[in-house]
Amino acid sequence: MSRPLSATVRVPGSKSLTNRALLIASLANGTTHLTNALFSDDSRYFAKALQTLGFDVQLDEANHSMTVTGMGGKIPAKKAELFIGNAGTAARFLSAFLTLGNGEYILDGEPRMRERPIGDLVEALEQLGCDIQSMQNAEGKMQNGQFVRQ
């Protein structure tokens with residue numbers, strides 16, 4: 001017997017979209033509620049980095065939601081060490097985001113992350129007048145995985 005299918009399917013969130021939404025929410029003024037957020041290692045590292053920077057970030061994994069209270073482009077912490085695992089999107093977004101702060105920030109990741117190229121981004125940020133230092137080797141890869149914004 002043939003009949004129409006009746007089902008409900010939940011499409012998982014996107015780690016890329018979740019990280020972008022976390023960044024935008026932290027830049028905004030006030031509270032942003034993210035729904036259908038993907039709880040991946042990358043998004044957890046990004047959310048933890050924002051918390052370390054002084055943002056109020058509430059995670060509700062059971063309901064696939066996150067709540068971020070943004071500070072209108074201000075970074076509350078004046079000093080922070082951020083560990084982002086192997087999250088390339090977080091490394092790039094946070095490198096640029098940290099240039100808005102007024103303090104010293106160190107961004108680090110897993111040893112494998114330190115092999116990934118980041119020199120072009122650091123150079124572009126320097127050309128824009130940002131005070132950023134990269135601990136990298138001659139190939140423009142993170143040597144010690146640290147980026148310092150002073």
Measure the shortest side-chain to side-chain distance between [X] and [Y] over non-hydrogen atoms and say whether it is less than 4.5 angstrom.
{"X": "Ser95", "Y": "Leu107", "result": "yes"}
{"X": "Tyr45", "Y": "Asn86", "result": "no"}
{"X": "Thr89", "Y": "Lys15", "result": "no"}
{"X": "Glu110", "Y": "Phe83", "result": "yes"}
{"X": "Asn29", "Y": "Met71", "result": "no"}

Where at least one partner belongs to residues 18-28, residue pairs that pass side-chain hydrogen bond (donor to acceptor under 3.5 Å, both in side chains), sequence neighbours excluded: Ser16-Arg20
Candidate pair Val68 and Leu22, rule side-chain contact (heavy atoms from CB on, under 4.5 Å), full reasoning: CA-CA 7 Å; Val68 180; Leu22 284 168; 3.7 Å; yes
If you look at every heavy atom in [X] and [Y], which pair is closest and at what distance?
{"X": "Ala91", "Y": "Met113", "value": "CB-CE, 3.2 Å"}
{"X": "Gly73", "Y": "Leu100", "value": "O-CB, 3.7 Å"}
{"X": "Glu126", "Y": "Ile132", "value": "OE2-O, 3.2 Å"}

To the nearest 0.5 Å, what is the distance between [atom1] ([X]) and [atom2] ([Y])?
{"X": "Glu123", "Y": "Leu128", "atom1": "CD", "atom2": "CG", "answer": "11.0 Å"}
{"X": "Leu50", "Y": "Thr69", "atom1": "CG", "atom2": "OG1", "answer": "11.0 Å"}
{"X": "Asp42", "Y": "Phe93", "atom1": "CG", "atom2": "CZ", "answer": "11.0 Å"}

Over 12 non-hydrogen atoms of neighbours within 6.0 angstrom of NZ in Lys74: no
Side chain to side chain donor-acceptor pair (under 3.5 Å) partners for Arg92, two or more places apart: none
Using atom types as modelled, flag every donor-acceptor pair under 3.5 Å from a side chain in residues 53-62 to any protein atom, sequence neighbours excluded.
residue: Asp56; atom: OD1; partner: Gln58; partner atom: NE2; Å: 2.6
residue: Asp60; atom: OD1; partner: Asn63; partner atom: N; Å: 3.3
residue: Asp60; atom: OD1; partner: Asn63; partner atom: ND2; Å: 3.4
residue: Asp60; atom: OD2; partner: Asn63; partner atom: ND2; Å: 2.8
residue: Glu61; atom: OE1; partner: Arg44; partner atom: NH2; Å: 3.4
residue: Glu61; atom: OE2; partner: Arg44; partner atom: NH2; Å: 2.5

Worked check of side-chain contact (heavy atoms from CB on, under 4.5 Å) between Ile75 and Leu98: CA-CA 8 Å; Ile75 297 177; Leu98 291 172; 4.2 Å; yes
Audit row: Leu94, Tyr105, side-chain contact (heavy atoms from CB on, under 4.5 Å) steps and yes/no: CA-CA 10 Å; Leu94 287 169; Tyr105 309 102; over 6 Å; no
CA sep, side-chain torsions, deciding dist, call: Glu81, Asp108, side-chain contact (heavy atoms from CB on, under 4.5 Å): CA-CA 8 Å; Glu81 292 188 25; Asp108 196 4; over 6 Å; no
Ser43 side chain vs Leu38 backbone, donor-acceptor pair below 3.5 Å: yes
In one Ile/Leu/Val/Met/Phe/Trp/Tyr side-chain cluster, 4.5 Å: Ile24, Leu17: no
